[in-house]
Amino acid sequence: AQSVTQLDSQVPVFEEAPVELRCNYSSSVSVYLFWYVQYPNQGLQLLLKYLSGSTLVKSINGFEAEFNKSQTSFHLRKPSVHISDTAEYFCAVIELGGTSYGKLTFGQGTILTVHP
Amino acid sequence: DTAVSQTPKYLVTQMGNDKSIKCEQNLGHDTMYWYKQDSKKFLKIMFSYNNKELIINETVPNRFSPKSPDKAHLNLHINSLELGDSAVYFCASSQLGAGNTGELFFGEGSRLTVL
């Protein structure tokens, strides 16, 4: 069965600073990887996803994540954050086979707080 | 149009009561889910139905019973509510199978408070 570990529960940064939210996963089969964002009192929205091909994937609002198979990581980065990026970010993995097929497993979440 | 809609959005009730949360999706997906988000914001899958058949059933008390009358609806009924059931319950849908990503689309959540 797959598992996801987000290494930081909280990340405070100043506006316009770069940020990295770390995510590691474990699985015995191939996976798809996702980052979801949850703004206060809202549901989860997909930020970006890795399915195959180029290991660097980007979102429309400046976030990017790189799939590293050897390190089983999918870290999320943004070179310059805005106040509006304040939210909780969840890394998630879905296995492409095995008994966990169809099950999206989430990490514990990382609260990103951007200070002025 | 809301893709995945849940009702009610807020639910406050007494211990021991029975309550239901309804979910509907208009995305044409074949799979629906219930996730529980606890006070620490941890998201844990509870159930999943694919074409009205139960495919994922995590370790959930049998006071929780999902029902899928058709593939566009997945309801969650909870009997004999306990304080520990207080959480936000999220419904989600996806399209599984070859060529699909399994990406989940979430509803806005139903916040259940048990007093």
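All values derive from a computational prediction rather than experimental measurement. Chain identifiers are assigned alphabetically (A, B, ...) following the order of the sequence lines, protein sequences preceding nucleic acid strands; residue numbering begins at 1 within each chain.
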Okay, B:Gln6 and chain A: the region with an atom under 4.5 Å from a heavy atom over there is neither

Quick one: do [X] and [Y] end up in the same hydrophobic cluster if we chain Ile, Leu, Val, Met, Phe, Trp and Tyr together by side-chain heavy atoms under 4.5 Å apart?
X       : Y        : value
B:Val4  : A:Leu46  : no
A:Leu47 : A:Leu33  : yes
A:Leu21 : A:Ile111 : no
A:Val37 : A:Phe90  : no
B:Met46 : B:Leu11  : yes

Shortest non-hydrogen pair, B:Phe90 vs A:Gln42, comes out as CZ-O, 4.0 Å

Closest non-hydrogen contact found for A:Phe106 with B:Phe42 is O-CE1, 4.2 Å

Nearest 0.5 angstrom please: [X] [atom1] to [Y] [atom2], how far?
X        : Y        : atom1 : atom2 : result
B:Leu104 : A:Ile94  : CG    : CD1   : 6.5 Å
A:Tyr32  : B:Glu103 : OH    : CD    : 11.5 Å
B:Lys9   : A:Asn41  : NZ    : CG    : 8.0 Å
B:Lys41  : A:Ser9   : NZ    : OG    : 12.5 Å

Does atom [atom1] of [X] have more than 12 heavy-atom neighbours from other groups under 6.0 Å away?
X        : atom1 : result
A:Ile60  : CD1   : no
B:Gln95  : CD    : yes
B:Arg111 : CZ    : no

Go through it in stages, so that I can follow the logic: the residues are B:Glu58 and A:Lys103, the test is side chain to side chain contact (heavy atoms under 4.5 Å, CB included), and I'd like the CA-CA distance, side-chain angles, deciding distance and then a yes or no. CA-CA 10 Å; B:Glu58 295 292 289; A:Lys103 177 180 168 183; 3.2 Å; yes

Does any backbone or side-chain atom of [X] lie under 4.5 Å from a heavy atom of chain B? Answer side chain, backbone, both or neither.
X       : answer
A:Glu88 : side chain
A:Leu44 : both
A:Gln38 : side chain

*asked:* Measuring only between side-chain heavy atoms, which start at C-beta, is A:Leu104 closer than 4.5 Å to B:Tyr35?
replied: yes

